[in-house]
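Take a look at the structure below.
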Amino acid sequence: MSSRLAHLRKGGAGGHHQVQQTQGQPDQGAQYGQNQYNQYQGQQNQYQYQNQNQGYQDPNISNQNPNQAYYEKQHEMHKQNLNPNYNPNYGMNQTQGSIPDQSNNDLVRRQSSGQDVMGGSQSPARKSSKSVMDYPRPLVFQEETLKYKEVICSSLSTSTQAIPPHSYQYFIQRDDGNAGPRFIRPSIYSFTNEPNVMAQTQFPQGCIVQPFSDPVGQEEPVPVSDFFTKEESENGKVVQIQSLFRCMRCHAYANPYFKFQDGGNVAVCNICQKPNKVPNEYYSPLNGYNERSDKQARPELSKAVYDMAAPSNYSKKKVTNNYIMLCLEMTPATIQSGIFAQALYSLSMALGSIPAPERTAVSICTYGSQINFYSIPKDLSNDPQLIVVSDLDDPYCPFPRNALFLNIIEDREKIDYLVEKLQKNSELVLQEAEASKIYHVKTASVGSVVQSIASMLEDHPARIIVFSSQLPTLGYGKLKRRDDVKVMNTDQEKTLYAPQDKQYQELAINLLRNSITVDLFVFSPDYCDLVTTSLLCTETGGQLYYYPHYTTSDAEKVHYELFRNLTRPYFIDCIMTVRTSLGIILEDYYTTKGKVSVKDLQMSSMNPDSVVGVMYKQEDKITTGEAYIQYACLYTNVYGQNMIRVINLALPVNTSIQNMFKQGDLDATFSLIVRRTLSNISSQTLKQLHDSLISQIVNIFYSYRNNVAASSSPSQLILPESTKYLIIYILSVLKSEVFRTNGARPDHRYYDIYRLFSFPPNQLSNFLYPKIYALHSIYENQSNLDLAPGSYIAEDKVIMPTNIPSSIDRLSSFGIYLIDNGETIFIYVMKDANPQLFEQLYGTSDYEQLREIQQYPSISDNDFAIRVNAIIDQIRRNRNGTYHNIRTVLYKDPFENNLKPFFVEDETRGIMSYNNFLCDIHKRIQSKYTS
Amino acid sequence: MIDIYEIEQKDGVRCVWNNIPPTKLAATRAVVPIGIHYTPYKELDPSNRMEYEALRCRCQAILNPYCQVDFNQKFWICPFCTSRNPFPQIYHQITPQNLPAELMEDYSTIEYVYSKEKPVPNIFLLVVDVSLEQIELEALRDSIQQSLNIIPPDSYVGLITFGKFVFVHELGFKECPKSYAFKGSKDYTATQVQEMLGLIAPGTQPKPGKNMDVIKRFLLPLNECEFTLNSILDDLQPDPWNVPQGEREQRASGVAINAAISLIEACPIPGSRVMFFTGGPCTIGPGQVFGIKQEETPRSYLDISQDNSIAQYVKKATKYYQTLALRAIKSQITVDIYGFCPDQFGLYEMKYMAEKTGGYIVFNEEFNSDPFRETFRKIFDKDQNDELRFASAARIDMFVCKEVKIQGAFGSCSSLKKGGPMVAETPIGQGGTTQWYIGGMDRNSTLTFMLDLSAHNKEQNQAKRAFFQFQTTYKSPSGETKLRVTTFFRKFADPISNHELIQGFDQEAACVLMARLGIQKSDSEEPIEILKWLDRTLIRFVTRFADYKPNITDSFKLHDNLALYPQFMYHLRRSHFTQIFGLNPDTISYYRCTFNRENVSNCQVMIQPAIFSYSIQNPSPSPVSLDDTAMRKDVILLLDNYFQVITWLGPQIKQWKDKEYHLDPTYISFKNLLDSPMEDVKAILEDRFPTPIFYETYENHTKERYLKSRINPTGKNQDLIDSGHTQTDDASLNQFMDHLIKLAVSQPNS
């Protein structure tokens, strides 16, 4: 089966160059016919775990037949035709004024063999085309969505040299002794005996870990090993004895790769090879397979990912209550915009779903030019007492924890009462502002607000959620405006990405020491120095949310994000470490803050969406047959129990560099490259970062070309199958705000970097390459409506509609599209859309009336709406519970322009289109090759 | 013969020497210094009130009955500076028969009211400790709430509560109870406090008198903020901070008072009253008096005098409160201290704030007690004129004729450092001035002025009289600014014989003066030194004035005007004003501050408690001597030492009472006997401010010691001897007198 290497060849006399696509071998063509789905499984994902796919072949084999089939390259995009002088830099590769072939606008066809794998195309005119361009695109195919791919992660399967699916694909993982890709993704799913081979690949060496990732679908929750706790009676008293079984030398926790010998008396550590004596209470005899007879009963010996109770002396802090403090900016601006009311509403809504409510207490403080705390009276017919703290340079909270926080269950009445009173107070503030015509109020800094609460919490872990809408100009941590336009896009700009003073850093470190997490919701349309304030989030493991242009239509998004923030599970006072096989050494961690060079990484709290990058380096030969990575995180759960999460990954040790390339992981590789590069934002210029990103992927592809596909023609762009989407991902980054030069703002730039650093892989992939689904095509070419998109084929499994490339040219004016960018679902109703269809969604067939509809209505009385809703549910479900809000966008909607960045393949803001970028990369590889 | 009580009644003046020693030498030889006790706010006949401005000499002295008036030329000669002042036009009608009141001797004390001015409201800023037990806080809260019913409704009221933090309540905020929190551990400047309260814009200074509207957020007429205030008080909770084992409550008294004064400073309304209620020591921040750890014991007098580590906070705290006191004086604020706690709360360090501003100091065991409730009720009680008991923002000027010099003053006042020719070279007490700030004062507030004579005044023999004038400007409870002028003269005594001196000697006034002088000295001298000084003075005094033949003790005789003086001294020696044994610095400070404030007769009671005996034969009170001989089996004693009122039941009476004879109608006389002293107790408790503690004791009762420590241990009481214990090592009065006489007669007569 095809390795789907793309070839790019300089065109002939006409100046055409062509993207050439190796075609499936003839026998595979037949296979496609037999089983479309399997074909995709093999073809698209290029890995085998347990589902053996006989179709897989080494890319080298296909390279031997480079000319089997070509796809004609469509190199003139729609826009370029309108403007013949477009993009002079790359014009040399293009035919001047070439006439666009209508067929160039046709939808993706996967194969030139004529199999239209999309299962249906849009218009007859387009269908007529045989010539289909096909660049590497991370698309989700309808067939693929017919069922989950099951990834069975077992110790054995890793040695089969298969790699797991990409994060945006649909899969279910099953822990059979090796950690699944939801938890950990190494950049390459193997090591080599020779350390220099690893370096030769030019891949970043490391992994990304999402240690508390939510289970998807029928995935089993992480098992808890309670075997370590034993009850013994001592003088008639029952005493709990906790004994962990760890390696004496390297302190690795027991895992499925511990080898038990000597009848079960000795356990050899898989990490450091030390034979450890098995203590009596942990002893179990071995069975016929030389495995412990209790292996299956013990999660720590049979599962790669497990939790266990930690001995009480492992954690110094005692979490008696879970405290959540909501700090709301109460100024005319936030009240008028509705942010204030929205936050209160969302809090009220979320109260019922907060984990461990009986142990959780919340409080609300507000701030403007002063910080306000509220003391609830005994008698709720009285007003709450408002306490003002105006010493912002030395902020404090005048109440101890127990007097301020209200238990979600016991004091629910009081919380509701407070919310109601705050709502009322905010109206008064607004009335006052209207009366005095003073709408702008200087506000206390986020630093002073957080400091005041932190001083009250002392050393008790807690979460602080701050809503802020302007540059803090008062008190401790007040900030200066420094986004001087003269500095932007100069060598000096990098200074804007270093914190402007030490106070936030000091505060953040103090918060981390006390395990206090800060989440920031920022609404400022103006510069508010996210770089400095966000230290409070990035240092502590909190999350930053940024809504620079908040309008009421963003309310839903705020709601979902705050709701998610409050209701997702969280894990307190985390301290984590990574242990690796001999020969591999741990280098650095990458958090949302950037590079952190410590041995044990600490976070005030983590949540299912937390991702940590780990860089390691193979320095020496690995003598064992497999290499191991053990991630361990000590944390306190919401019930105050000390726990340890252990994640074990076993990787094969290869000799061949070819295998290394085969087993690269797109998500981890991309993530590590971006983290490694953009962490330097405060020390390097944008140009340097830009060049660094490009050179890193060029190096990988060059190495591939040089070491694996040396024999192929230099005119062909040959990419390793596993990581071929790196190009479009990097292009997407280059098009993001991070590299925007025209009208760039430091906050926007920083926030995009923050998102690149913080998004879990599945969210990141859609952020980089938004998925566009053609909703209007649901009924097209469907003989069996039960298998049409939007149908449930399992309890939580929906067939997805056609996923089209992210290019505006792929959109039809008759279409209704769903765009998923990882944060929001947009329903894009084009101007000539079928009124009967959108009426089913919106209840009106009048296009103009659609503009009146603020919120996506949840209509479920017709088949189309039911299907669309099912699709939306599916998207939300697949995002590990991260809720997407839905936003309807119409033709000539002011918001329409904001969709443009989602069409990442198109040329935007002077940054080249995908095909030109491919050309550019190819050229760079070539020039490296020839030099 | 001068009736000193009549003069006191009329002018509020008690002179130690009503005939003044004629020369400086004579004054020195008179042993007891020349002093005048003056009660500036003594009740005054309403007819002595004038609704016009006083007529002043160029030396600022005011026209008075002792001026020489030339009715023809229409001018008057000031007795103090002897300048001639023409009368203004409106006085041109005067003739010897048609005199304005201020020229008549009946009007030696006269009050001028400037009715043109708008009355200034009373301002009460309550500073309330919440680091209290629930029951204490409730008692305090209840008392405050009850007082809200009697505080004049147009009074401005503010509230500050404090514990670990200090909360300044914005009573003017209508929507909900609102307060500003200040960190109890931080030394704020006044400007910082004012900025944080939003009283001034950052970087500015308060505009004097202009921002009443701004301050109205925090200080409101009671009738406007009563509801808000009540709802805040309703919800008042003990400080919610956890007090770890072995630690004291965190109590930021220093910051609280600072906040209160800073608040008023933003709009200094003369006579504002900061009422500070505390139930324990300041343990954090500026003004900290005790360590937060229980193991750090409160300082004793010994620690303070040794300046050891236990007293480590004393100096710093004292300085802090003195600074606050100075600020309070500057803004004419009066600070009351109501400390109700079983142990000390740092009054020793804090006392200046009240003493220097004319505030009350009340120190007692707990808020949840009758003395507190009664005292607090009385603060806002109206007198027969329907006025509050205290005037405020008082300032006093003293004028003397050129033969006399002003050395200084004792009492609740502070020198305003207004020098001049009338000021003596060596200051005593609050000296170096002719003007003092009093602040708050009530009908009993009495200052003692110390006088000296001009050193080289040859005309003294001719000058028959010395003139004195007190001018007291103050804000009356009704908010009017008043000027009280008391002018009087005293004759110079005959320089040759003692007779006139002795005739004019006021032994009570002398005793109080000596006590105040002793208290003054105790700031710098050891108690034993003061006792020695008292003894020396007494011996010199009797040697100087007694009739005796040298070395013949039986010949010793004292004039009636002097006869009680040694006895007073005996009791003074045993009192808390000279003794520190068994008392902590706070209690001593309390007694002494009160002594410095009260009038002569109250002070006299403090020195030598009044004691009355009641018996079945004579159930009405009969004064008895302050002797253990009075403690008879069959009597009830009532002892009043001002701070405590004690009844003591003789063993026989106690026995009868235990047998409940008084419930038996046949023993109605016994019931009458029991009731009789109680009625008197009730009257005393009702009358006195602050309300004394009342103890009912009997033989061997624990509180009996309060009685026994003050009575003269003659050791001759058979009843006591029978019960088998003696009270004290102190010499009895008789022994004391014998010794004194022996020493006196053996001295070479000076």
Side-chain angles (χ1 to χ4, degrees), chain A residues 320 330 365-366 368-405 417-418 420-429 431-432 441-442 444 451-452 455-456 458 460 473-476 478, chain B residues 130 134 159 161-171 173-189 191-202 217-218 227-228 230-244 249-250 252 255-256 259 284-285:
Chain A
T320 52
M330 185 152 78
C365 79
T366 63
S369 49
Q370 295 148 335
I371 306 169
N372 298 335
F373 294 96
Y374 299 88
S375 153
I376 306 301
K378 286 171 289 183
D379 177 0
L380 290 190
S381 64
N382 288 336
D383 284 313
Q385 271 208 43
L386 163 61
I387 317 292
V388 181
V389 170
S390 41
D391 189 358
L392 300 178
D393 293 323
D394 177 18
Y396 43 83
C397 172
F399 291 108
R401 299 191 293 266
N402 53 6
L404 201 60
F405 283 99
Y417 164 84
L418 177 60
E420 184 194 317
K421 289 288 174 185
L422 285 176
Q423 195 68 59
K424 208 177 121 209
N425 277 11
S426 73
E427 285 159 22
L428 295 166
V429 169
Q431 281 169 19
E432 213 171 274
V441 178
K442 279 191 178 182
Q451 168 73 25
S452 70
S455 72
M456 167 216 17
E458 292 166 339
H460 196 287
T473 48
L474 295 178
Y476 176 91
K478 66 181 169 209
Chain B
V130 294
Q134 182 82 35
L159 177 68
T161 52
F162 68 96
K164 182 179 178 180
F165 287 83
V166 174
F167 300 92
V168 180
H169 295 266
E170 183 176 337
L171 301 180
F173 191 74
K174 290 283 174 286
E175 316 313 335
C176 64
K178 178 180 178 185
S179 60
Y180 287 74
F182 292 85
K183 205 173 182 169
S185 53
K186 191 170 174 181
D187 196 356
Y188 295 91
T189 64
T191 316
Q192 277 176 322
V193 173
Q194 288 158 1
E195 276 180 19
M196 283 168 200
L197 293 177
L199 295 169
I200 56 171
R217 287 167 50 216
F218 297 96
F227 178 79
T228 315
N230 263 320
S231 63
I232 293 170
L233 292 169
D234 280 342
D235 222 50
L236 217 51
Q237 293 291 308
D239 209 32
W241 296 89
N242 184 28
V243 180
E249 297 90 358
Q250 301 198 55
V255 173
I284 51 168

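Note on naming: letters A, B, ... go to the chains in the order of the sequence lines (proteins, then strands), and numbering restarts at 1 for each one. These figures come from a predicted structure and were not determined experimentally.
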With the side chain counted from C-beta on, respond yes when B/His169 and A/Gln385 share a heavy-atom pair under 4.5 Å apart, and no when they do not. yes
Looking only at B/Phe165, B/Trp241, B/Tyr180, most heavy-atom pairs under 4.5 Å shared with chain A are made by B/Trp241
Max heavy-atom pairs within cutoff under 4.5 Å with chain A, candidates B/Val193, B/Asp235, B/Val166, B/Asp234, goes to B/Asp235
For the candidates B/Glu195, B/Gln192, B/Gln237, B/Glu170, which exhibits the highest count of non-hydrogen atom pairs separated by less than 4.5 Å from chain A? B/Gln237
Quick one, B/Phe182 and B/Leu197 - any side-chain contact, counting heavy atoms below 4.5 Å? yes
Minimum heavy-atom distance between B/Arg217 and B/Gly198, given as atom pair plus value: NH1-O, 3.4 Å
List in chain and number order the residues that pass ring-ring contact (aromatic ring centres under 6.0 Å, His included) with A/Tyr374, two or more places apart in sequence or in another chain; answer none if no residue qualifies. none
Quick one: of A/Asp394, A/Val389, A/Leu392, who has the most non-hydrogen atom pairs under 4.5 Å with chain B? A/Asp394
Options A/Asn402, A/Asp383, A/Val388, ranked by heavy-atom pairs under 4.5 Å with chain B, top entry: A/Val388
Identify which part of A/Asn425 has an atom lying under 4.5 Å from any heavy atom of chain B, answering side chain, backbone, both or neither. side chain
Side chains of A/Ser375 and A/Pro384: does their closest heavy-atom pair fall under 4.5 Å? no
Which bit of A/Leu428 is near chain B, if near means a heavy-atom gap under 4.5 Å: side chain, backbone, both or neither? side chain
Taking atom NZ as the centre, does B/Lys186 end up with more than 12 heavy-atom neighbours from other residues, nucleotides or ligands that are less than 6.0 angstrom away? yes
